Engineer: 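There's a structure below that I have some questions on.
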Amino acid sequence: MLKTAESLINELNRLQMKYKEAHDLDDGKSHIACGVTGKTTQVDYHFIFDQDCHSVTMRAFKLFVAPVDRQLPILELMNRFNRDYRWIKFAMDQDNWVNLQADAIVNENTSGPICVELMLRAVKIIDDTYPTFMHEVWA
């Protein structure tokens, strides 16, 4: 396990927060997944730590699927939220799933607190935006 990943595990343990899985990937990166329940949904946050121990990416997959006839309004909402909210970005994949992503520069001393902070910010942003997204999905 990379030192940056170990820092996140230590921070989660210190805060008495649980994580679902932690393992090294075949390409030398480390992966940690945390499940967090917000006000509106339960989301798994995946942290992938780069081999050089200088950066991390946080991803949350499959927040919801955009119906084909609602894709344009949902993309417009995503663009608005990407402008209005700092730290994370919404993106739609080729299967019309809306995902969340964030990247950060870290080191072995900062990765734990930074990753927890990113995750907590993402939880709040999803809590703020999810009802509007669902209104658009079911419009």
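Computed from heavy atoms alone, side chains included, the values below leave out hydrogens, waters and symmetry copies. Keep in mind that this is a model prediction, so the values were computed, not measured.
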Engineer: Do L77 and W87 sit in the same hydrophobic cluster, where Ile, Leu, Val, Met, Phe, Trp and Tyr count as joined when their side-chain heavy atoms come under 4.5 Å apart?
Structural biologist: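 Yes; W87 is reachable from L77 via cluster members.
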
Engineer: Drop me the distance from R83's CZ to F81's CZ, to the nearest 0.5 angstrom.
Structural biologist: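 Going from the CZ atom of R83 to the CZ atom of F81 covers 10.5 Å.
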
Engineer: To the closest 0.5 Å, what do you measure between OG1 (T110) and CG (N107)?
Structural biologist: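 Between T110 OG1 and N107 CG, I get 3.5 Å after rounding to 0.5 Å.
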
Engineer: Answer with yes or no whether the hydrophobic clustering places L63 together with L120; edges join I, L, V, M, F, W, Y residues whose side-chain heavy atoms lie under 4.5 Å apart.
Structural biologist: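 In one cluster: yes.
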
Engineer: Near H23 NE2, under 6.0 Å, is it more than 12 heavy atoms from other residues, nucleotides or ligands?
Structural biologist: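 Yes.
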
Engineer: Start with the C-alpha distance between F64 and I74, add both sets of side-chain angles, then the distance that settles side-chain contact (heavy atoms from CB on, under 4.5 Å), and finish with yes or no.
Structural biologist: CA-CA 11 Å; F64 65 92; I74 289 170; 4.2 Å; yes

Engineer: Name all pairs fulfilling the salt bridge (Lys or Arg N to Asp or Glu O under 4.0 Å) condition that reach into residues 32-61, sequence neighbours left out, sorted by first residue then second.
Structural biologist: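 Listed by first then second residue: K20-D44, K29-D50, R59-D103.
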
Engineer: Flag the pair V56 / S111 as yes when at least one side-chain heavy-atom distance between them is below 4.5 Å, and no otherwise.
Structural biologist: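 No, side chains not in contact.
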
Engineer: Do you reckon L25 sits in the same ILVMFWY cluster as V106, going by side-chain contacts under 4.5 Å, direct or chained?
Structural biologist: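 Shared cluster, no.
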
Engineer: Y45, M17: one ILVMFWY side-chain cluster at the under-4.5 Å cut-off?
Structural biologist: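 Yes, same cluster.
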
Engineer: Quick one: do W138 and I126 end up in the same hydrophobic cluster if we chain Ile, Leu, Val, Met, Phe, Trp and Tyr together by side-chain heavy atoms under 4.5 Å apart?
Structural biologist: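 Yes, one cluster joins them.
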
Engineer: Any sub-3.5 Å donor-acceptor pair from K89's side-chain atoms to N82's backbone N or O?
Structural biologist: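 Yes: the side chain of K89 pairs with the backbone of N82.
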
Engineer: What is the minimum heavy-atom distance between V123 and G38, and which atoms define it?
Structural biologist: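 Residues V123 and G38, closest heavy atoms: CG1-CA, 4.0 Å.
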
Engineer: Could you tell me which non-hydrogen atom of C53 sits nearest to which non-hydrogen atom of K3, and how far apart they are?
Structural biologist: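 Residues C53 and K3, closest heavy atoms: SG-N, 4.3 Å.
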
Engineer: Minimum heavy-atom separation for M1 to A22, with atom names?
Structural biologist: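 The answer is CE-C, 3.7 Å.
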
Engineer: Determine, stepwise, if the pair F90 / I125 fulfils side-chain contact (heavy atoms from CB on, under 4.5 Å).
Structural biologist: CA-CA 10 Å; F90 292 100; I125 291 167; 4.1 Å; yes

Engineer: Return the set of residues passing side chain to side chain donor-acceptor pair (under 3.5 Å) with T132 (not counting sequence neighbours), or none when no residue passes.
Structural biologist: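 Testing T132 for side chain to side chain donor-acceptor pair (under 3.5 Å), a comparison that skips the adjacent residues, returns none.
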
Engineer: How many angstroms lie between atom CE of M134 and atom OG1 of T129, to the nearest 0.5 angstrom?
Structural biologist: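 Result: 9.0 Å between the selected atoms.
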
Engineer: Could you measure the distance from the CG atom of N99 to the CD1 atom of I88? Nearest 0.5 Å is fine.
Structural biologist: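 The CD1 atom of I88 is 11.0 Å from CG of N99, to the nearest 0.5 Å.
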
Engineer: With I32 as reference, evaluate L8, T4, I48 under the side chain to side chain contact (heavy atoms under 4.5 Å, CB included) test and give the passing residue.
Structural biologist: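 Looking at L8, T4, I48, the match for I32 under the side chain to side chain contact (heavy atoms under 4.5 Å, CB included) is L8.
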
Engineer: Would you say the side-chain atoms of S30 pair up with the backbone N or O of F49, donor to acceptor, closer than 3.5 Å?
Structural biologist: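 Flag not set: sc S30 to bb F49 has no pair under 3.5 Å.
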
Engineer: Using the rule given for side-chain contact (heavy atoms from CB on, under 4.5 Å), can you reason through V43 versus V36, listing the C-alpha separation, both sets of side-chain angles and the distance that settles it, and then say yes or no?
Structural biologist: CA-CA 6 Å; V43 176; V36 179; 5.9 Å; no

Engineer: Can you check whether D95's main-chain N or O pairs, donor with acceptor, with D93's side chain at less than 3.5 Å?
Structural biologist: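 Yes; judged by distance alone, with no hydrogens or angles, the pair exists.
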
Engineer: When you look at M119 and L12, which way does the side-chain contact (heavy atoms from CB on, under 4.5 Å) test go after all the steps?
Structural biologist: CA-CA 11 Å; M119 183 170 56; L12 292 169; 4.2 Å; yes

Engineer: State plainly whether the residues E117 and R121 are in salt-bridge range, i.e. N to O under 4.0 Å.
Structural biologist: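 Salt bridge flag = yes for R121 with E117.
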
Engineer: Distance from W97 atom CH2 to M92 atom CE, nearest 0.5 Å?
Structural biologist: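 Rounded to the nearest 0.5 Å, the CH2-CE separation comes to 11.5 Å.
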
Engineer: Listed by chain and number, what are the salt bridge (charged side-chain N to carboxylate O under 4.0 Å, His left out) partners of E136, not counting sequence neighbours?
Structural biologist: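 Only R70 meet the salt bridge (charged side-chain N to carboxylate O under 4.0 Å, His left out) criterion with E136.
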
Engineer: If I take atom CD from residue E21 and atom NE2 from residue H46, how far apart are they, to the nearest 0.5 angstrom?
Structural biologist: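 Here the rounded value is 7.0 Å.
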
Engineer: Please answer whether the main-chain N or O of E108 pairs with a side-chain N or O of S7 as donor and acceptor at a distance below 3.5 Å.
Structural biologist: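 Looks like yes, one N/O pair under 3.5 Å.
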
